[in-house]
Amino acid sequence: MRVSATGSPCDAAGAETTGRHRAPRLPFPPQSTGPQAPSAVSPASPQGPFVEGHAMSRYTPAEIEARWQHAWTEADLFRAERDESRSKYYVLEMFPYPSGRIHIGHVRNYTMGDVVARYKRATGFNVLHPMGFDAFGMPAENAAMASGGHPKTWTYDNIDTMVEQMKPLGLSIDWSRMFATCDPEYYGQQQALFLDFLEKGLVYRKNAVVNWDPVDMTVLANEQVEDGRGWRSGALVERRELTQWFFKISDYSEELLDALDGLDDWPAKVKTMQANWIGRSRGLQFAFSTVDAPDGFDRIEVYTTRPDTLLGASFVGISPDHPLAKQLERDREDVAAFCTEARRGGTTEEALEKAEKLGFDTGLTVRHPFDTSWELPVYIANFILMDYGTGAIFGCPGHDQRDHDFCRKYGLPIVETFVPLEGEIDIQAAPFVPAKSEKVRYTRLIAGEEVQTGDEAVEAAVDLCEQNGVGQGVTKFRLRDWGLSRQRYWGCPIPVVHCPDCGVVPEKKENLPVRLPDDVSFDVPGNPLDRHPTWRDVPCPACGTAAKRETDTMDTFVDSSWYFARFTAPRATTPTVAEDVDYWMNVDQYIGGIEHAILHLLYSRFFARAMHICGHLPEKSKEPFNALFTQGMVTHAIYKTEKDGRPVYHYPEEVTLKDGKGFLVDGTEVEIVPSAKMSKSKNNVVDPVAIISQYGADTARWFVLSDSPPERDVEWTASGAEAANKHLGRVFRIASEIAESSDAPGEGDTDLLREMHKTIDEVTKGVESFGFNAAIARLYAFTNTLQRTKAGAAARREAALALAQLMSPMTPHLSEEVWKLLGGEGFVTSAPWPQADPAMLIDDTVTLPVQVNGKRRAEIEVPKDMPKDEIEKIALSQHTVQRALDGATPKKVIVVPGRIVNVVV
RNA sequence: GCCCGAGUGGCGGAAUGGUAGACGCAGGGGAUUCAAAAUCCCCCGCAGCAAUGCGUGUGGGUUCGAAUCCCACCUCGGGCACCA
């Protein structure tokens with residue numbers, strides 16, 4: 001039994017330890033009737049008259065859904081227990097941030113995961129499908145600042161609300177495993193991991209730049225910097241250095257890059273993005289010797305990926321944070337003024353790239369390594385980051401846009417070192433920047449052939465430089481170490497103490513968790529932990545001297561980098577338990593937004609390796625996610641009018657649509673902006689709770705899966721939801737009719753069953769490949785067939801049972817109801833997935849289109865194994881083909897068996 | 001600015017080298033009904049009476065054949081290391 005002093009979300013989520021779940025709270029009154037109890041809505045009621053029977057068998061999702069959810073909970077169907085005798089399947093959706101209300105995007109994300117979970121359960125796997133909350137982070141502090149509450153109260157209240165909103169969806173989640181990352185039981189284990197990493201040398205401290213608001217005297221997140229100014233104070237933001245904690249992810253650059261090749265079930269685009277992010281480059285590191293520079297600066301180390309363009313160098317640039325710049329800054333006011341100016345603005349790469357490129361001529365020069373009489377000026381430039389390479393570059397304006405702009409601006413010479421094999425270029429007008437794999441002609445050649453590719457020339461230049469002692473070929477990575485320090489309250493405290501005698505001392509593991517203090521206030525900007533004496537001032541764990549706790553907390557990416565492992569043993573008193581991670585890991589299917597393609601997934605891959613080194617994960621879990629699926633967003637039109645030149649946004653329910661135009665109640669026409677990202681400020685957020693109470697969870701689930709391919713954004717439309725609801729009603733009606741019909745024989749039983757097997761085949765393939773929209777289209781078509789068929793009752797019943805099963809991952813409540821109506825055994829949720837009979841999938845004849853020069857002119861139906869020459873004869877004999885030929889003799893006839901015939905003239 | 005995607009009827013989309021528009025929405029017509037709701041049936045890319053022609057963001061290319069592959073461009077979306 002967990003003891004929580006904080007009102008853990010798990011208590012609110014019905015995670016009782018007795019094995020019984022509380023009945024879910026629903027927007028409609030739950031029924032106490034179990035599935036076995038006679039239902040009040042049974043169409044097979046003895047009264048029997050058709051009219052009354054139909055009236056009573058109307059599709060009533062509110063009643064059906066509450067009843068089945070209750071039944072599943074009673075039967076405890078979704079609890080995951082380790083069972084070595086069965087194959088496991090771990091499906092996980094990226095856990096939500098507790099923003100306050102669930103979003104239709106969440107519904108889509110969790111429904112997809114639920115389809116996979118329910119399908120895998122039906123195919124015999126022991127499924128783990130958990131849910132939790134990514135609960136630390138800035139919004140809770142912002143809310144506290146805005147309305148005076150406490151981040152903890154705000155967060156746990158939100159979690160309660162969201163769980164209450166999620167439960168009516170009927171997700172097959174093991175709620176007993178739920179946790180929030182702000183539970184001390186969770187973050188305490190995270191602190192244990194931190195200490196283990198520290199011991200293994202995976203954590204260290206160094207200086208790094210942050211966004212500093214000089215008015216509020218506080219560190220700002222990137223999103224709190226708008227156009228280079230602090231969001232609250234409006235002050236110009238500065239880049240300031242602080243000592244911060246880092247994870248040594250860069251030690252794993254090469255491994256994280258190379259291991260991408262093994263991730264066969266990850267989207268190629270995600271792997272490409274990660275590969276580019278890690279950014280392996282081959283280049284030359286060398287030094288320019290300086291002329292008349294201050295003492296100790298007789299060399300400037302430079303790294304370049306284009307040593308082949310060394311003879312096109314025009315200047316040397318150094319970062320404003322380069323030691324030489326800092327040295328010059330001390331003595332020279334003009335340098336200090338420039339550096340201060342250059343440190344203005346945010347820290348993002350985007351801000352740096354978009355900012356005006358500024359340089360300052362230091363007056364110093366360096367000698368060119370290949371011609372010591374050639375001197376290059378040294379500039380301090382605002383676009384050079386100390387974190388990259390050596391913090392110094394040489395500029396080659398002939399083959400780099402940024403350097404070209406810079407040289408034009410400061411009147412520096414521009415020369416080319418290579419030219420295209422064909423055609424003219426004007427190097428003064430624009431730089432020549434071909435792909436490195438392209439062959440070019442070198443005019444100022446360092447090494448290699450006159451005509452060679454950039455890649456070849458780089459290698460040749462590196463070799464030559466190495467031979468002449470000019471520098472060394474090095475492989476570098478773009479990936480920087482992961483800075484995890486945050487100067488904020490609502491995060492996991494970093495469990496170390498700063499002692500005046502011992503330095504940095506790790507907290508003892510038996511003292512974990514280092515809990516966040518509750519008595520804090522947010523009326524002053526900055527980190528309340530910094531000004532909390534009783535929490536901050538502690539004796540050193542090593543020597544007992546008066547010392548201070550680290551007041552930085554951890555980046556929330558740390559929280560989300562191992563939660564998937566914690567779900568395998570969520571209440572353990574160690575971060576993980578060997579038997580549980582051995583059995584449940586890896587995540588077989590991970591599902592989430594493409595916006596997490598790089599950071600979250602890369603950090604998790606690093607964390608898995610680090611946890612493995614510390615013995616918390618097995619070798620096989622170094623890559624923790626076997627398969628990844630990235631789903632699109634749910635969008636909705638924005639309805640906009642203008643008042644006094646300002647946009648006014650209207651809620652969808654205020655707008656009446658007519659002929660593609662929207663109108664307010666008073667008749668004003670509104671502007672419709674289609675497919676916009678849902679955003680509270682634009683009033684276009686669709687509330688799933690309203691949809692569920694209007695149409696039921698199955699309708700919401702069916703709709704978010706239909707129409708759009710899951711990886712693409714989907715537009716929420718009210719008519720779409722209505723259509724989904726109508727369809728489910730139709731399925732229910734058809735099933736009711738079949739349940740009532742007498743056992744009379746009919747016609748076309750085989751045709752119906754053939755269709756059934758094809759549907760089983762296609763829906764199964766669709767579900768397995770995330771082709772949910774295509775699977776649903778097939779189910780629509782099969783429903784049409786079932787409605788129109790004249791087949792006998794037994795065949796129709798068999799087909800309807802299959803339909804219920806095939807729909808059950810998407811619409812589990814309706815499927816249970818139909819299953820029971822037709823006399824299916826037990827829960828459809830627990831029934832084994834239907835198998836398609838291969839013999840029923842093959843047709844005897846095929847329809848072939850006949851083209852003449854690629855244009856379709858006829859269609860022929862032939863036996864499926866007819867020889868090519870016979871097909872050719874039939875095709876040519878078609879009168880439309882003859883007419884298209886117009887007397888010409890075919891040059892060639894292409895017959896692709898089972899596909900097409902193309903006559904070429 | 002850099003990296004990664006996506007663009008197909010009025011709308012969401014299907015087809016990943018082989019009949020473009022499956023399935024659904026909206027729209028039109030009809031049946032049922034005293035009437036309506038609900039339900040059922042039919043039509044539905046554009047132009048044309050038709051034959052036929054045109055048509056998958058734009059412009060080129062490869063191929064017997066391209067929405068699909070290649071090149072260039074345009075537009076929209078995601079990420080850019082302190083939003084999660």
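As a basis for the values below, the full set of heavy atoms in this structure was taken, side chains included, without hydrogen atoms, waters or symmetry mates.
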Separation between the [atom1] atoms of [N] and [M], rounded to whole Å:
| N | M | atom1 | answer |
| --- | --- | --- | --- |
| B/A51 | B/U63 | P | 34 Å |
| B/G29 | B/C34 | C1' | 23 Å |
| B/G53 | B/G57 | C1' | 23 Å |
| B/A26 | B/C41 | P | 15 Å |
| B/U32 | B/C42 | C1' | 15 Å |
| B/C71 | B/C54 | P | 28 Å |
| B/G65 | B/A20 | C1' | 14 Å |
| B/C46 | B/A22 | P | 13 Å |

[X] side-chain N/O to [N] phosphate OP1/OP2 under 4.0 Å:
| X | N | answer |
| --- | --- | --- |
| A/Gln787 | B/C40 | yes |
| A/Ser708 | B/G13 | yes |
| A/Asn773 | B/A14 | yes |
| A/Arg788 | B/C41 | yes |
| A/Arg778 | B/A14 | no |
| A/Lys855 | B/C54 | yes |
| A/Thr556 | B/A84 | yes |
| A/Asn276 | B/C80 | no |

Need one value for [X]: base, sugar-phosphate or nothing, where a base atom within 4.0 Å counts as base even if backbone is also close, heavy atoms only.
| X | result |
| --- | --- |
| A/His596 | base |
| A/Val219 | base |
| A/Gly483 | sugar-phosphate |
| A/Gln244 | base |
| A/Ser706 | nothing |
| A/Arg478 | base |
| A/Trp277 | base |
| A/Ala597 | nothing |
| A/Ser485 | base |
| A/Arg486 | base |
| A/Val210 | base |
| A/Leu352 | nothing |

Note to self: Judged by each residue's nearest nucleotide on RNA chain B, which is more toward the 5′ side, A/Glu353 or A/Ile776?
What the structure shows: A/Glu353
Item checked: A/Lys409 with A/Asp405: basic N within carboxylate O range, under 4.0 Å ->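 Looking at A/Lys409 and A/Asp405, the cut-off is not met.
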Nearest of [options] to any side-chain atom of [X]?
| X | options | value |
| --- | --- | --- |
| A/Pro709 | B/A14, B/C82, B/C40 | B/A14 |
| A/Phe557 | B/A84, B/A81, B/G1 | B/A84 |
| A/Tyr97 | B/A81, B/G18, B/A84 | B/A84 |
| A/Glu595 | B/A84, B/G53, B/C23 | B/A84 |
| A/Gln851 | B/A20, B/A22, B/C83 | B/A20 |
| A/Tyr780 | B/C23, B/C83, B/G13 | B/C23 |
| A/Lys269 | B/G5, B/C64, B/G24 | B/G5 |
| A/Lys726 | B/U39, B/G24, B/C80 | B/U39 |
| A/Ile594 | B/C80, B/C83, B/G78 | B/G78 |
| A/Asn902 | B/C25, B/A84, B/G18 | B/G18 |

Tell me the interatomic distance from [X], atom [atom1], to [N], atom [atom2], rounded to whole angstroms.
| X | N | atom1 | atom2 | answer |
| --- | --- | --- | --- | --- |
| A/Ile734 | B/A38 | CD1 | P | 17 Å |
| A/Arg899 | B/U63 | CZ | C1' | 17 Å |
| A/Gln631 | B/G78 | CD | P | 14 Å |
| A/Lys891 | B/G65 | NZ | P | 11 Å |
| A/Arg280 | B/C3 | CZ | P | 19 Å |

Next item on the list: Starting from the C-alpha separation in whole Å, work towards a yes-or-no answer on side-chain contact (heavy atoms from CB on, under 4.5 Å) for A/Leu263 and A/Val270.
Entry: CA-CA 10 Å; A/Leu263 299 176; A/Val270 173; over 6 Å; no
Next item on the list: Mind telling me if B/G24 is syn or anti? Syn here is a glycosidic angle within 90° of 0.
Entry: anti
Next item on the list: Hey, can you tell me if A/Trp482 and A/Phe606 have their rings parallel, tilted or perpendicular (30° and 60° cut-offs)?
Entry: perpendicular
Next item on the list: Classify the angle between the aromatic ring planes of A/Phe247 and A/Phe607 as parallel (below 30°), tilted (30 to 60°) or perpendicular (above 60°).
Entry: perpendicular
Next item on the list: Look at the side chain of A/Glu349 against the base of B/C80 and say whether a donor-acceptor pair falls under 3.5 Å; ignore hydrogens and angles.
Entry: no
Note to self: On the side chain of A/Asn222, is there an atom forming a donor-acceptor pair with the base of B/C82 - under 3.5 Å, no angle test?
What the structure shows: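 No, the side chain and the base share no sub-3.5 Å donor-acceptor pair.
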Tell which nucleotide pairs with [N], taking only Watson-Crick or G-U wobble pairs whose two distances are both under 3.5 angstrom.
| N | value |
| --- | --- |
| B/C2 | B/G79 |
| B/U39 | B/A31 |
| B/U19 | none |
| B/G10 | B/C25 |
| B/G59 | B/C71 |

Notebook entry, point to check: Taking the six-membered ring for Trp, is the centroid-to-centroid distance between A/Tyr563 and A/Tyr186 below 6.0 Å?
Noted result: no
Next item on the list: Using a 4.5 Å cut-off on heavy atoms from C-beta on, say whether the side chain of A/Arg605 contacts that of A/Gln274.
Entry: yes
Item checked: Verdict with reasoning, A/Ile591 to A/Tyr110, per side-chain contact (heavy atoms from CB on, under 4.5 Å) -> CA-CA 9 Å; A/Ile591 305 170; A/Tyr110 308 137; over 6 Å; no
Margin query: Check for me whether A/Arg239 meets the cation-pi criterion with A/Trp212, that is, NZ or CZ under 6.0 Å from the six-membered ring centre and within 45 degrees of the ring axis.
Written below: no
Note to self: Testing the 3.5 Å rule here: is there a donor-acceptor pair between the side chains of A/Thr347 and A/Asn222?
What the structure shows: yes
Note to self: Using modelled atom types and a 3.5 Å cut-off, is there a donor and acceptor pairing between side-chain atoms of A/Asp134 and backbone atoms of A/Tyr97?
What the structure shows: no
